[in-house]
Amino acid sequence: MSENAKKILQMLSEGKITVDQANKLLEALGNEDSKPAQAAAITAKGVPKYLRVIINGTDEDSNAKVNVRVPMALLRAGIKLASILPADATNEIDHNLKEKGVNFDFKNLREEDIEPLIEAMTEMEVDVDSEGSKVKVFTE
């Protein structure tokens with residue numbers, strides 16, 4: 001077994017990467033001659049550990065500042081918890097979200113959807129500048 005393959009398996013055992021990501025890295029190692037840039041891109045980006053939300057701005061009374069780091073493990077746990085909620089609870093959640101203007105179907109949230117979501121979030125960065133306030137959402 002190559003040294004790189006051992007490193008990938010070590011990262012998997014430490015929970016730094018998912019099984020799917022490890023599989024992709026091992027496949028990339030098998031095709032090093034044909035795809036060296038792809039393997040480098042996967043390992044260079046890494047697996048995000050946090051969803052970060054930063055808000056700097058002013059309101060009429062005082063400076064408003066928010067700096068939140070949400071662990072991705074918490075997001076994963078939330079998705080797993082959602083999958084065991086009874087139908088009555090998910091119906092109530094959906095109803096309350098719709099009352100608040102959030103059109104989201106909680107019943108369609110599945111545990112297997114979280115990893116593709118997190119992977120997609122590695123490319124996401126949201127920056128909003130408006131009248132004295134800045135909002136930034138990204139993964140790290």
Are more than 12 heavy atoms from other residues, nucleotides or ligands located less than 6.0 Å from atom NZ of Lys98?
-> yes
Rounded to the nearest 0.5 Å, what's the gap from [atom1] on [X] to [atom2] on [Y]? Could you check?
| X | Y | atom1 | atom2 | result |
| --- | --- | --- | --- | --- |
| Ile8 | Gln21 | CD1 | CD | 11.0 Å |
| Glu125 | Glu140 | CD | CD | 11.0 Å |
| Asp88 | Ile93 | CG | CD1 | 11.0 Å |
| His95 | Leu97 | NE2 | CG | 10.5 Å |

Residue pair [X] / [Y], side-chain heavy-atom distance below 4.5 Å:
| X | Y | value |
| --- | --- | --- |
| Asn96 | Lys100 | no |
| Asn67 | Lys65 | no |
| Leu51 | Met72 | yes |

Same cluster (ILVMFWY, side-chain, under 4.5 Å), Phe138 and Val128 | no
Treating Ile, Leu, Val, Met, Phe, Trp and Tyr as nodes and any side-chain heavy-atom pair under 4.5 angstrom as an edge, say whether Val66 and Ile54 lie in one connected cluster.
-> no
Please write out which residues are connected to Tyr50 in a hydrophobic cluster, directly or through intermediates, given that two of Ile, Leu, Val, Met, Phe, Trp, Tyr count as joined at side-chain heavy-atom separations below 4.5 angstrom.
-> none
